2 protein chains.
Amino acid sequence: MSTSRDRTARATSAAGGIQGVRARARQEITVAIKDEARRQLAVDGAAKLSLRAVARELGMVSSALYRYFPSRDELLTALIVDAYDSMGEAAERADADLPNGASPVTRWVAVCCAVRQWGLTHPHEYALIYGSPVPGYTAPTTTIRSAARVGLLLIAIVREACESGRVTLPPLADEARPEAERIAADLAPELPPEVAAALVAAWAQLYGLLGFELFGQFNRVVEERAVFFEQAVTRLAQGVGLTE
Amino acid sequence: MSTSRDRTARATSAAGGIQGVRARARQEITVAIKDEARRQLAVDGAAKLSLRAVARELGMVSSALYRYFPSRDELLTALIVDAYDSMGEAAERADADLPNGASPVTRWVAVCCAVRQWGLTHPHEYALIYGSPVPGYTAPTTTIRSAARVGLLLIAIVREACESGRVTLPPLADEARPEAERIAADLAPELPPEVAAALVAAWAQLYGLLGFELFGQFNRVVEERAVFFEQAVTRLAQGVGLTE
DNA sequence: CCACGACAAGAGCGGTGCTCTCATTTTTGT
DNA sequence: ACAAAAATGAGAGCACCGCTCTTGTCGTGG
């Protein structure tokens, strides 16, 4: 009788920690699944990611996997969120690693290059998030926070540059003003409308450059891709009005 | 006896034309397969395109389809080539439809808008060619001719603008010069290196803008996408040095 | 201590891409 | 003109896929 009490106690304190062994195991298995899936993703690409193969590799039967992810798409969604976060973190770290007084242009270029570097290191994950997310599909709310990290960082850089008077941009054509004002109001009210609009455009263009490099469109066209990219994103910085 | 001769004769002249009935049938069935595949692509996206479903819809058995396309990937490649051509044709027509003395900037914007319009009309086909073509994959030689059409058109516009002295761009930073010269030499020897390099960057950036719109990255960010796009590609034109 | 709920395992369903064999039909060489 | 050769279609079958359902086991909370 005392033994059984001991066992119960152990289950909810010593061995299991605060959550109990089961909750702990669930968490561990969940990340194991994601890790293995990410591994297969990096090798074969998203199209060939197979729940059965993941399960097989983990020594479990495929149906067991559905206790952790209700479908293959849900697994992919989880990988997407992780990828956004991984990329966002890389970008933020690149910015944070800069010496304190770094100029806005320097920060902008550093962040862009960090994004590129992340993409080069994780091409399939990049394809997963910026490739072809089924046209018509809108990301679940849980992803948008992670997805926005790089964008928010770029906004912050430009905002700070703005506040110290290091952003100048010619005024907008009349027909483009209203939408620019809308964008600025939604995205960064502190920014002049023409800067906010230019920033959104530059943001998209950055991923155009990177996508072309990663997806082979630059094959036999651009060779020295690092210098080409740096040159292009420097001009992008000028395009949003960053002057130093 | 005369009947058998007649039948033979018909087979190689009247009914079959110069090529024989079989070659003709092969051609027709090939396009029928591609049409049906394109139909399914437009509905469900590339991931769900299924040879069996195509065969079923065409009233043939799935194995018969392999007489026309050796694999699902080959079918997709054929669709890719057609998509590039369709898009290239749309762009070329938009340029050709302009009044004769249209300025380079006007032509540039018109071509970009035509590309956008094509993408909006064929989102899944756009995703097929500019989405995620398996990182590491290099397009078969047959596709590059079709893939280059829009690019060549943009080059032509800039070249003509250049010849009439309507292109000016600040000189390049030293470290970016060699690669710019390489690009110019390979792509358009008539163009100044800084223009050629800027053109390649603008080309990629155009697809960044379009991809973000088509793939939902602009959801809840940009609303008036047509005016935003036109504004952005106008600035892209300025970025390659087009002045009017 | 026990009933409940989380879990792993297995069988199974309908689908996929692709291969192989076999009969039929067209083309082609003599 | 006829037989050999090549092209085509049909069908069965293999291995794999995502996903569901049932069954038995084992932590866990009342």
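Both backbone and side-chain heavy atoms feed into the values below; hydrogens, waters and symmetry mates do not. Lettering of chains follows the sequences in order, A, B, ..., and the numbering in each one begins at 1. These numbers come from a predicted model, not from an experiment.
For the pair A/Leu65 CG and C/dA8 C1', the interatomic distance rounds to 11 Å; values are reported in whole Å. Computed from coordinates, the B/Met60 CE to D/dT8 C1' distance equals 10 Å when rounded to whole Å. For A/Leu51 and C/dT16, the CG to P distance is 18 Å, given to the nearest whole Å. Atom CD of B/Gln40 is separated from atom C1' of C/dT16 by 13 Å (rounded to the nearest Å). The distance from atom CZ of A/Phe69 to atom C1' of D/dG18 is 16 Å, rounded to the nearest whole Å. The CG atom of B/Asp44 sits 11 Å away from the P atom of C/dT16 (whole-angstrom rounding). Rounded to an integer number of Å, the gap from B/Arg67 CZ to D/dT8 P is 8 Å. Rounded to whole Å, atom P of C/dA6 lies 19 Å from atom CD of A/Glu28.
At C/dG17, none of the side-chain N or O atoms of B/Ser62 fall inside 4.0 Å of OP1 or OP2 (strictly under the cut-off). B/Tyr68 has a side-chain polar atom (N or O) that falls below the 4.0 Å cut-off from OP1 or OP2 of D/dG9. Phosphate contact (OP1/OP2 of D/dT28, side-chain N/O of A/Arg26, threshold under 4.0 Å): absent. The side chain of B/Ser50 contributes an N or O atom lying less than 4.0 Å from OP1 or OP2 of C/dT16.
Residue B/Arg72 is classed as a sugar-phosphate contact, given heavy-atom separations below 4.0 Å to backbone atoms only. Across all strands, B/Leu49 comes closer than 4.0 Å only to sugar-phosphate atoms, never to a base (heavy-atom distances). As judged by a 4.0 angstrom heavy-atom cut-off over every strand, B/Ser71 is placed among residues touching the sugar-phosphate backbone only. When heavy atoms are screened at a 4.0 angstrom cut-off, B/Ile29 is found touching the sugar-phosphate backbone but no base atom.
Nearest-nucleotide positions on DNA chain D place B/Arg22 closer to the 5' end than the other of B/Arg22 and B/Arg52. Along DNA chain C, the nucleotide nearest to B/Pro70 and the one nearest to B/Ala23 differ in position, and the one closer to the 5' end is contacted by B/Pro70.
Here the nucleotide nearest the side chain of A/Arg56, chosen from D/dT22, D/dC17, D/dC19, is D/dC17. Nearest to the side-chain atoms of B/Ser63 among the listed nucleotides C/dA9, D/dA12, D/dC19 stands D/dA12.
Annotation for A/Gln217: atom CD counts as buried by contact number, over 12 foreign heavy atoms lying within 6.0 Å. Within a 6.0 Å sphere centred on CD of A/Gln27, heavy atoms belonging to other residues, nucleotides or ligands number 12 at most. Other residues, nucleotides and ligands contribute more than 12 heavy atoms inside 6.0 Å of the CD atom of A/Glu179.
Geometrically, B/Arg26 engages B/Tyr68 in a cation-pi contact defined by less than 6.0 Å to the ring centre and at most 45° from the axis.
A donor-acceptor pair under 3.5 Å is formed between the side chain of A/Arg72 and the backbone N or O of A/Leu49.
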